[in-house]
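Lettering follows sequence order; numbering is per chain, from 1. Computation of the quantities below employed the complete heavy-atom set of this structure, encompassing side-chain atoms and omitting hydrogens, waters and symmetry-equivalent molecules.
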Amino acid sequence: MIDFKNEIGKLVSKNFENLNEDTITELLEIPPNYDLGDYAMPCFRLAKELRKSPNIIAQEIAESIKGDTLFEKIENVGPYVNFFIDKKQLAKTVLEEVINRKEEFGSANIGNDRNVIVEFSSPNIAKPFHIGHIRTTVIGQSLYKIYKFLGFNAIAINHLGDYGTQFGKLIVAFKAWGKTEEVENNPIPELLKLYIKFHEEAEKDSSLEDEARMWFSKLENGDEEAVGLWQWMREVSLKEFSRVYNMLNIQFDSYAGESFYSDKMPKVVQTLKAKGLLTESEGAQIVDLEAYKMPPALIKKSDGSTLYITRDIAAAIYRKETYDFYKNIYVVGSQQNLHFQQWFKVVELMGYNWVKDCVHVPFGMVSLEEGTMSTRKGRVVFLEDVLKNAVDKTKEIINDKNPNLENKDEIAKQVGIGAVVFQELFNSRIKDYTFSWERTLSFEGETGPYVQYTHARANSVLSKAEYDVTADVDYSLITNEEAINVIRLLYSFQSTIIAAMEKNEPSFIARHIVDIAQAFNKFYHECPIIVEDKELQKARLLIVFSAATAIKVGLGLLGIEAPQKM
RNA sequence: GUACCCAUAGCUCAGUAGGAUAGAGCAACGGCCUUCUAAGCCGUGUGUCCGGGGUUCGAAUCCCUGUGGGUACGCCA
């Protein structure tokens, strides 16, 4: 595609020797509305250097450029120079790009096949997969897809919470009150019951906590009974999780969870000791971080067993050795900000300069209307229930609006789950929010189903017209504002995807495809597409095809399906 | 107590690297299906951009400060 910013840079610098292309393109911005052009160049900052008023500079620049074919108009308004792109040129460059690239539209080879690890989802074994896990799961999946789309070799890692004192607790609880058959039949809920019971009983009898620590210690030392029970719990839990992953269509390249690193930790402790970073404090082994205004990092408990932070360090080192990552991304809630800061600092102190490539991508908390979620208190909303409810609601809507639709169940699944995922990805990561059924199950306005609906509608037109993609189009027929607005959004599609990658923010893409859908729907209402004039029809169908393609690609990057009909 | 995060319309939120009149969706009300999918489109209204300073030609955006809310701070993850 033509890079219009660069073209403006060339045009202006040609006439003004003391302005080079880069300073011009850096100044360029997109005006508040299209009446003021496609690009604007504010001249305030040039005023000092050129010793003229911004208005005069803008006037001189505007007057110096005459008769360029890429721009239909270049005008001066006060201190701004406004550039209006020639509509035919814009339509041609954008629509030809879509034709040439189809569902690769928007992709780019920025990554050069370098490895980017995305760690996400990472639920705790033996605990329910609840609504609090949705953000990491869905944001992680989307980032994984975005990096791939931009030419990186993305690696999805599910860092399962399959280790730690909690397993000591579960083993104690299972041995005391559990029944194998009940757990086999209904693993997560039964294990959760045991976990809750443990905490209730431990309040009365604190020796249970010690017993739990002892069992975890046994597990770490390879005690046969402990390892056997642990393996069994891990297996039945994973089977449950995979149901949700299948619904969301998520695959992982690795399930190397915390337990995977258990034999890699002694070396970390050794290195820390060798580098003189480890000190003893209250019987535990710590790395003092006071010089960096942080609380100390606990490496080993007083009973000798390890902690979360030690495992994360071991995992990072292992990943560097195994994948030689370009970036190592952790999609983990903002509650763990300090934890990441601490262990990043420890790794830095160990002398590993690749720590700069480790990125914590935090996100805000999900709470319930009743208050914060608590597994121990059993106050949770299961993710599977949310997805199922959304699918059921979608089925009702389909029966109401489009009862003759084929594959109702499949489409209800795509739309219902799409609605939940989209809602999750539409807002900035960092914001906290309260889960609400009403909002999750609303399908109008800025929602997944709205975008999917727009895609299906576009497809319906294409199939009615028996459209064949062709570049043999008279682009000068594309003149109306509604059509051009769609094309403008398609033009900025790729830069939006790149920004989403740079900021690790899938919501950029979600918002952009809503914009495309809105612009398309206006176009759809204003301009009849299947018309007498076949040349005009061809041009408009190409816009329909292009908008549908971009929406499909965008939804794909969010991990959402784009059904042909709905 | 200390650190970090958040604060924009009745509600949920956008607002690119500081730039021209601060925008969407929802909710409310009123229109539009004999024509390409009405999960749609069009119209109507609302803002001390949390308060106060500062930097700047220019601040919702950057800095300082206060307020309100959230999170985290040694043997959980």
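Residue side chain A/Ser334 does not reach the base of B/C5 through any donor-acceptor N/O pair under 3.5 Å, judged by distance alone. For B/A20, its base sits under 3.5 Å from the side chain of A/Asn82 at one donor and acceptor pair at least. A donor N or O paired with an acceptor N or O is not found under 3.5 Å between the base of B/U71 and the side-chain atoms of A/Asp432.
Whole-Å rounding puts the A/Leu338 CG to B/U71 P distance at 15 Å. In this structure, CD of A/Glu446 is placed 13 Å from C1' of B/G15, rounded to the nearest angstrom. Nucleotide B/C41 holds its P atom 9 Å from the OH atom of A/Tyr453, rounded to whole Å. Per the geometry, CD1 belonging to A/Ile430 stands 15 Å off C1' belonging to B/C13, to the nearest Å. When rounded to the nearest whole Å, the span between CG of A/Leu278 and C1' of B/C75 equals 14 Å.
Residue A/Glu258 places its side chain closer to B/A77 than to any other of B/A77, B/C75, B/C4. Residue A/Glu444 has its side chain nearest to B/C26 when only B/C26, B/A72, B/G25 are considered. Comparing atom distances between the A/Glu282 side chain and each of B/C6, B/A20, B/C75 picks out B/C75 as nearest. For A/Lys522, the side-chain atoms get nearest to B/C41 when compared with the rest of B/A39, B/C41, B/A20. Of the candidate nucleotides B/C13, B/C75, B/A20, B/C13 has the atom nearest to the side chain of A/Arg511. Taking the side chain of A/Asn427 as heavy atoms from C-beta on, and the options B/A14, B/G74, B/A77, the nearest nucleotide is B/A14. When distances are taken from the side chain of A/Gln166 to each of B/C73, B/C36, B/A77, the shortest belongs to B/A77. If you check B/A77, B/G40, B/G74 against the side chain of A/Arg311, the one that comes closest is B/A77. Comparing B/C5, B/C75, B/A17 against the side chain of A/Lys503 picks out B/A17 as the nearest. Counting only heavy atoms from C-beta on, A/Pro528 has its side chain closest to B/C36 among B/C36, B/C75, B/A20.
Because its NZ or CZ atom is both nearer than 6.0 Å to the ring centre of A/Phe426 and within 45° of the ring axis, A/Arg511 counts as a cation-pi partner of that residue. Under the 6.0 Å distance and 45° angle rule, A/Lys169 does not count as a cation-pi partner of A/Phe198. Relative to the six-membered ring of A/Phe260, A/Lys264 meets both conditions, a distance below 6.0 Å and an angle of at most 45° to the axis.
Counting any heavy atom pair closer than 4.0 Å across all strands shown, A/Lys5 reaches a base atom. Among the atoms of the strands shown, none is found under 4.0 Å from any heavy atom of A/Met294. Among the heavy atoms of the strands lying under 4.0 Å from A/Pro295 are primed sugar atoms or P, OP1, OP2 only; no base atom is included. Within the nucleic acid shown, A/Phe426 has no heavy atom closer than 4.0 Å to any nucleic acid atom. Base engagement by A/Tyr308 is indicated by at least one non-hydrogen atom pair under 4.0 Å involving a base atom. When heavy atoms are screened at a 4.0 angstrom cut-off, A/Cys527 is found touching base atoms of the nucleic acid. The residue A/Ala40 sits close to a base: some heavy atom pair falls under 4.0 Å.
Of the charged side-chain nitrogens involved, at least one lies within less than 4.0 Å of a carboxylate oxygen, so that A/Arg311 and A/Glu258 count as a salt-bridged pair.
Shown here, B/C11 forms a base pair with B/G25; the pair counts as Watson-Crick or G-U wobble because both key distances fall under 3.5 Å. Under the Watson-Crick or G-U wobble criterion, with both distances below 3.5 Å, B/C4 is paired with B/G70. Base pairing of B/U61 is not made with any nucleotide, judged by Watson-Crick or G-U wobble geometry with both donor-acceptor distances under 3.5 Å. Both distances falling under 3.5 Å, in either a Watson-Crick or a G-U wobble arrangement, occur for no nucleotide opposite B/U48. Across all strands shown, B/U37 forms no Watson-Crick or G-U wobble pair with both distances under 3.5 Å.
For the P atoms, the distance linking B/C4 with B/G47 amounts to 35 Å, nearest Å. For the C1' atoms, the distance from B/G23 to B/G1 is 41 Å, rounded to whole Å. Taking atom C1' on both nucleotides, B/C50 is separated from B/G68 by 8 Å, rounded to a whole Å. Separating the P atom of B/A28 from that of B/A3 is a span of 46 Å, rounded to the nearest Å. Comparing B/C6 with B/C49, their C1' atoms sit 14 Å apart, to the nearest whole Å. Taking atom C1' on both B/A9 and B/G45, the two are 10 Å apart, rounded to the nearest angstrom. When the P atom is compared between B/A7 and B/A14, the two are found 8 Å apart, to the nearest whole Å. As rounded to the nearest Å, B/G69 and B/G53 have C1' atoms that lie 23 Å from one another.
A sub-4.0 Å separation between OP1 or OP2 of B/G18 and a side-chain N or O of A/Arg45 is absent. Distances shown here put every side-chain N or O of A/Lys401 at or beyond 4.0 Å from the OP1 or OP2 atom of B/G40. Phosphate contact (OP1/OP2 of B/C76, side-chain N/O of A/Lys301, threshold under 4.0 Å): present. At the phosphate of B/C5, neither OP1 nor OP2 sits under 4.0 Å from any side-chain N or O atom of A/Lys431. Residue A/Ser460 has no polar side-chain atom (N or O) positioned under 4.0 Å from OP1 or OP2 of B/C36.
Here B/G51 is in the anti range [glycosidic angle more than 90° from 0]. Shown here, B/C33 is classed syn by the O4'-C1'-N9-C4 or O4'-C1'-N1-C2 angle, which is within 90° of 0.
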(request) Mind running ring pair (Phe, Tyr, Trp, His ring centres under 6.0 Å) on A/Phe340 and A/Tyr330 for me, showing each step along the way? (result) CA-CA 9 Å; A/Phe340 280 96; A/Tyr330 296 86; 5.3 Å; yes
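A centroid separation of 6.0 Å or more is found between the aromatic rings of A/Phe443 and A/Tyr453. For A/Phe167 and A/Phe216, the ring centers are positioned 6.0 Å apart or more.
A/Ser436 and A/Glu438 are not linked by any side-chain donor-acceptor pair at a separation below 3.5 angstrom, with hydrogens and angles left out of the test.
Comparing A/Gln518 and A/Tyr433 by the nucleotide of RNA chain B that holds the closest heavy atom to each, the one mapping nearer the 5' end is A/Tyr433.
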